[in-house]
2 protein chains.
Amino acid sequence: MAAMKNTITQAAIDLFFKKGYYATSISEIAGACGIQKASIYYHFASKEDLLFTIMHDTMAALTAYLRRNLERVSGIEKRMRRAVSCHVHFHLEHQKETFIASSELRGLCRSNYLEIVAMRDQYEGIFQELIAAGTRRGVFAPCDVKILSYAILTLCTAGAFWFKPEGRLTVDEIATIYENFIISGLKQGRIEPLPA
Amino acid sequence: MAAMKNTITQAAIDLFFKKGYYATSISEIAGACGIQKASIYYHFASKEDLLFTIMHDTMAALTAYLRRNLERVSGIEKRMRRAVSCHVHFHLEHQKETFIASSELRGLCRSNYLEIVAMRDQYEGIFQELIAAGTRRGVFAPCDVKILSYAILTLCTAGAFWFKPEGRLTVDEIATIYENFIISGLKQGRIEPLPA
DNA sequence: TTTTACCTAACGACCGGTCGGTAACCTCGG
DNA sequence: CCGAGGTTACCGACCGGTCGTTAGGTAAAA
């Protein structure tokens, strides 16, 4: 039951991704679902509510995905590698949603905006803790944690802007490239002790 | 003469940056200039023409700035360092314009869109040639040129999204952090010959 | 006299959102 | 097993408002 609510959400995701939130009208979304625009308001309180729901669910799924994948991984470098990999995978495999979540923040009113930003900050916090722990233990070179975390996250997030599923490289290949690039940057030229 | 045209452009830059292109109305821009909205159309053919002008001028200035700064720099690594530094400097010192140029592409019709994208591709090409030359000569580790160039550019471009002029770090400090981070990533763990 | 740089007023289109209505389905007392 | 009453999920029509844009006019400058 309420299958239509999912249909609406999916249509909205497709259209917000393709045309942007402001350029998409409620009647377009309704048209894509084969219903009248008034019927949208049975399922959602407003256009912004629809956007907020998409963003909120996406951020919740993203954070849960990362936490779940880090559960049984130990060692700073391994954890950071896994975190980057997860970040890339989620963003490329849920390209439309993550694109919307990171580019349509301006469509939200103040309270909704603050809620999404809080979720984003919490997610970023996981990376910042990893970086901080790594520098404390000498695995990573000393650095500015905030700047580096922004760098790492926006780097991978940006993938959702240009990624094409039918493109030259697989998600796994891209994730590996980013993983190595970032780990190198975090270590900053220090000479590696040879593995045993 | 035509001082008002500059006033309008600047007001549009401020408002597009603060609220976004779609959320900004012509009458708001006019209001910020102390004129009526119809008068905007004496200086610009349409709202999109205003956006396009901003983007076009910004991209032209960005490319010219980079070329000018690379003119007398030799050596792959030095050139790449300079290029990254320029990219960061320009994006943070012209934060509003570059933010608009990289986030409002959807406001353009097809032909205008293609023109701006062509300028962007040309700019990206400078970085891609640097990366390719670096890998050929063994200065950088072998890598996927396209992916790495996207990575480098979006990394720094993203600065325009969160940078606050009154913030903790200066533009120079941020540029240096990025410079080192990127060079490390491009060299990918290879052991540096000690400088003489 | 022509051009420049603005104005007032209005237009048509479209937008998000609301209203009253309704057909189909579910529930439950008799 | 029935049917009354409520609930679910939609529809068509409409509203107030805003938007980008245009038409026509005007006062000053060239």
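Chain letters run A, B, ... following the sequence lines, proteins first, then strands; residues in each count from 1.
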* Asked: Are A:Arg82 and A:Glu179 close enough for a salt bridge, meaning some N to O gap below 4.0 Å?
  -> no
* Asked: OH of A:Tyr123: more than 12 outside heavy atoms within 6.0 angstrom?
  -> yes
* Asked: B:Tyr42 ring centre to B:Lys5 NZ or CZ under 6.0 Å, with the angle to the axis within 45°?
  -> no
Can you give me every donor-acceptor pair (side chain of residues 61-70 of chain B, partner residue at least two apart or in another chain, under 3.5 Å) with its distance?
unit_1: B:Thr63; atom_1: OG1; unit_2: B:Met59; atom_2: O; d: 2.9
unit_1: B:Asn69; atom_1: ND2; unit_2: B:Tyr65; atom_2: O; d: 3.0

Without decimals, in angstroms, what is the distance between [X] [atom1] and [N] [atom2]?
| X | N | atom1 | atom2 | value |
| --- | --- | --- | --- | --- |
| B:Lys5 | C:dC6 | NZ | C1' | 16 Å |
| A:Met4 | D:dT8 | CE | C1' | 13 Å |
| B:Ile40 | D:dC19 | CD1 | P | 13 Å |

* Less than 3.5 Å between a donor and an acceptor, one on the side chain of A:Lys37 and one on the base of C:dG16, is that the case here? ->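 Donor-acceptor pair under 3.5 Å: yes.
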Is there a side-chain contact between [X] and the phosphate of [N], meaning an N or O under 4.0 Å from OP1 or OP2?
| X | N | result |
| --- | --- | --- |
| B:Ser39 | C:dA5 | no |
| A:Tyr42 | D:dC10 | no |
| A:His43 | D:dC10 | yes |

* Looking at the side chain of A:Tyr41, which of C:dG16, C:dC19, C:dC6 is the nearest nucleotide? -> C:dG16
* Asked: Looking at D:dT22, D:dT21, D:dC10, which one has an atom nearest to any side-chain atom of B:Lys47?
  -> D:dT21
* Contacting residues from residues 21-35 of chain A, given that a heavy atom lies under 4.0 angstrom of DNA chain C -> A:Thr24, A:Ser25, A:Ile26
* Summary of ring-ring contact (aromatic ring centres under 6.0 Å, His included) pairs that have at least one residue in residues 149-168 of chain B, sequence neighbours excluded -> A:Tyr150-B:Trp162, A:Trp162-B:Tyr150, B:Phe99-B:Phe161
* To do: For A:Gln36, answer base if it contacts any base atom (sugar-phosphate contacts may also be present), sugar-phosphate if it contacts only those atoms, and nothing otherwise; contact means non-hydrogen atoms under 4.0 Å.
  =>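 The answer is sugar-phosphate, as A:Gln36 gets under 4.0 Å only of primed atoms, P, OP1 or OP2.
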* Does A:Glu48 reach the main-chain N or O of A:Cys109 with its side chain, forming a donor-acceptor pair under 3.5 Å? -> yes
